[in-house]
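If you read the sequence from its start, that first residue is 1, and numbering goes on from there. Here the structure is a predicted model, which is why all the values come from computation and not from measurement.
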Amino acid sequence: MSISIIGLGAGDISQISHRAVEELRSGKKIYLRTSKHPVVDLLGIEYESFDSYYDQGEKFEEVYDRIAQKLVDLGKDTDIIYAVPGHPRVAETSVGLVEDYSRANGVDVDVIASMSFIDAMYNYLAFDPSEGFRLLDAFNIDKRDLSIDSNIIITQVYDRYIASNIKLMLMDYYHDDQKVWIVKSAGIKGMEYKKELDLYDLDREENYFDHLTSLYIPKGGNKKTSDVYDIVKGMDIGNIERVSLEDNPGMVNYTQEIDYRLSKLKEGLDRIKDDDLDDVMDLVGQGLMDILEVCEIGKDEGLFDLDEICERLKK
């Protein structure tokens with residue numbers, strides 16, 4: 001027995017592949033992750049949906065897991081179709097779970113692609129993903145995923161509550177007036193909508209969100225704070241003060257280098273008052289700078305670099 005996983009396209013009937021349409025008309029039982037998709041009524045198909053699973057107050061991860069287990073149980077006995085919005089390989093957590101459970105239970109899986117909403121976003125927003133692009137999930141996003149060097153699309157911004165949470169997270173990385181775009185129904189003729197606004201206005205009452213809403217952040221914005229790699233990028237190896245590398249290079253020189261820098265930190269530590277947070281932060285910053293400079297010296301000499309030091313910390 002088998003499960004055919006079909007993409008329904010970004011939302012316009014023209015975006016569904018010919019093979020997907022043929023499969024939908026094969027007579028197999030059809031299950032939809034959600035019936036809230038513009039082409040469902042246009043296809044004229046009979047189906048069952050998992051919309052009710054979303055109304056039971058569970059986390060999305062739990063919903064997707066239940067859907068996957070249910071589908072594999074059904075697929076053990078008969079050939080079925082599981083249809084999802086867009087492309088099955090793009091931002092569809094349940095598809096990966098179905099494949100995992102299917103392998104464990106000896107159920108064959110055939111994935112049939114259609115146009116993804118990401119393709120529609122490229123066209124609607126007029127940017128080339130080869131210039132730098134990141135696709136992020138609103139329910140699984142971390143500050144480390146963000147980059148001012150890439151165009152960013154955040155999917156599944158379903159409502160104002162999610163938008164508010166995303167805004168707070170983004171404001172830890174971007175300045176409050178960072179320009180962002182609310183994008184809805186990309187690729188669906190007559191329904192496409194985009195609105196540019198400042199980040200701090202994202203969750204205002206007049207902004208409407210639904211299951212076809214994403215957030216777009218163009219590359220080239222300004223970060224609120226620097227990170228370690230920003231500091232390293234701005235270093236000039238020729239201007240880093242060295243106290244011990246004038247003689248033959250070797251580990252004894254690095255030992256002397258580190259000992260010198262630690263002695264400077266000790267002097268600073270002795271001067272700090274217990275309640276002076278600014279002095280503490282300055283001292284920690286100087287310690288970090290000393291470490292980064294030693295790593296850059298090691299890299300310049302071809303011995304070690306920051307990444308290798310971080311890797312050793314994992315051991």
Side-chain angles (χ1 to χ4, degrees), residues 4-25 30-45 47 49-51 54 60 64 81-96 111-141 145 150-160 162-163 166 179-197 202 207-219:
S4 296
I5 303 179
I6 291 177
L8 295 175
D12 191 273
I13 194 71
S14 65
Q15 298 162 354
I16 304 178
S17 67
H18 179 69
R19 186 175 173 222
V21 172
E22 285 187 331
E23 187 71 5
L24 288 167
R25 293 173 177 169
I30 300 172
Y31 296 87
L32 305 182
R33 179 173 66 74
T34 177
S35 62
K36 297 176 182 178
H37 191 275
V39 305
V40 171
D41 292 337
L42 298 176
L43 289 169
I45 56 176
Y47 60 84
S49 82
F50 290 105
D51 288 327
Y54 292 88
F60 280 94
Y64 296 146
I81 292 172
Y82 176 48
V84 299
H87 190 299
R89 298 290 186 196
V90 179
E92 278 295 336
T93 303
S94 65
V95 170
V111 177
I112 302 174
S114 290
M115 181 175 172
S116 77
F117 82 96
I118 296 299
D119 295 310
M121 293 279 280
Y122 297 155
N123 187 55
Y124 186 43
L125 296 169
F127 76 88
D128 184 346
S130 68
E131 297 173 354
F133 164 68
R134 295 188 180 189
L135 175 63
L136 306 177
D137 187 328
F139 296 96
N140 185 28
I141 185 173
D145 299 325
S150 298
N151 296 297
I152 292 174
I153 293 176
I154 301 175
T155 68
Q156 304 194 87
V157 188
Y158 293 148
D159 54 37
R160 187 169 291 104
I162 297 172
I166 289 294
K179 295 300 182 183
V180 300
W181 291 79
I182 296 173
V183 185
K184 294 191 295 183
S185 306
I188 307 175
K189 293 179 180 178
M191 295 177 61
E192 289 181 314
Y193 170 89
K194 58 184 175 183
K195 176 184 179 182
E196 185 185 33
L197 67 163
L202 180 60
N207 295 326
Y208 175 71
F209 302 88
D210 60 20
H211 63 288
L212 295 176
T213 303
S214 297
L215 187 66
Y216 170 60
I217 308 173
K219 72 175 185 177

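The shortest non-hydrogen separation linking Pro88 to Ile5 is CB-CG2, 3.9 Å. Nearest approach of Arg89 to Val95, heavy atoms of both residues: NH1-CG1, 4.5 Å. Here the closest heavy-atom approach between residue Ala120 and residue Met115 is recorded as N-CE, 3.6 Å. The shortest non-hydrogen separation linking Glu192 to Gly187 is OE2-N, 2.6 Å. The minimum heavy-atom distance linking Leu32 with Ser35 is given by the pair CD1-CA, 4.0 Å.
At distances below 3.5 Å, not a single donor-acceptor pair connects side-chain atoms of Gln156 with backbone N or O atoms of Ala138. Put simply, the side chain of Ser114 gets close to the backbone of Gly7: a donor and an acceptor are under 3.5 Å apart. The closest donor-acceptor contact from the side chain of Ser150 to the backbone of Arg134 lies at 3.5 Å or more, if one exists at all. A donor-acceptor pair under 3.5 Å is formed between the side chain of Arg160 and the backbone N or O of Asn207. Distance alone, capped at 3.5 Å, places no donor-acceptor pair between the Lys184 side chain and the Lys195 backbone. The backbone N or O of Ala10 sits less than 3.5 Å from a side-chain atom of Gln15, completing a donor-acceptor pair.
At a cut-off of 3.5 Å, with distance as the only test, no side-chain donor of Thr213 or Tyr208 sits close to an acceptor on the other residue. One side chain, Glu23 or Ser4, offers a donor N or O that lies under 3.5 Å from an acceptor on the other.
Taking the side chain as every heavy atom from C-beta outward, Tyr82 and Ile30 never approach each other to under 4.5 Å. Between Ile6 and Ile16 the shortest side-chain heavy-atom distance does not fall below 4.5 Å. By the 4.5 Å heavy-atom criterion applied to side chains, Pro85 and Lys36 are not counted as neighbours. Between Phe117 and Thr155 there is a side-chain heavy-atom pair separated by less than 4.5 Å. Two residues are said to be in side-chain contact when any heavy atoms from C-beta on lie closer than 4.5 Å; Val39 and Ile188 fail this criterion. Residues Leu202 and Leu215 are in side-chain contact: their nearest non-hydrogen atoms beyond the backbone lie under 4.5 Å apart. With a 4.5 Å cut-off on side-chain heavy atoms, Thr34 and His211 do not count as touching. A 4.5 Å side-chain heavy-atom check between Leu8 and Val84 finds every atom pair outside the cut-off.
Note that CG of Asp210 and CG of Leu212 are 5.0 Å apart. Values are rounded to the nearest 0.5 Å. In this structure, the separation between OH on Tyr31 and OH on Tyr47 is 14.0 Å, given to the nearest 0.5 Å. With values rounded to the nearest 0.5 angstrom, Leu135 atom CG is found 10.5 Å from Asp145 atom CG. Separating the CG atom in Leu136 from the CD1 atom in Ile141 is a distance of 4.5 Å, to the nearest 0.5 Å.
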Could you walk me through whether Phe133 and Ile118 pass the side-chain contact (heavy atoms from CB on, under 4.5 Å) check?
-> CA-CA 11 Å; Phe133 164 68; Ile118 296 299; 4.0 Å; yes
Does the pair Met121 and Ser214 meet the rule for a side-chain contact (heavy atoms from CB on, under 4.5 Å), with working shown?
-> CA-CA 9 Å; Met121 293 279 280; Ser214 297; 3.9 Å; yes
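For Asn140, the CG atom sits in a loose shell: 12 or fewer heavy atoms of surrounding residues, nucleotides or ligands are nearer than 6.0 Å.
Taking the six-membered ring wherever Trp is involved, the centroid distance between the rings of Phe60 and Phe139 falls below 6.0 Å. Remark: aromatic rings of Tyr122 and Phe127 are close, center separation under 6.0 Å.
The only option from Asn151, Val180, Ile182 that meets the side chain to side chain contact (heavy atoms under 4.5 Å, CB included) definition with Tyr216 turns out to be Asn151.
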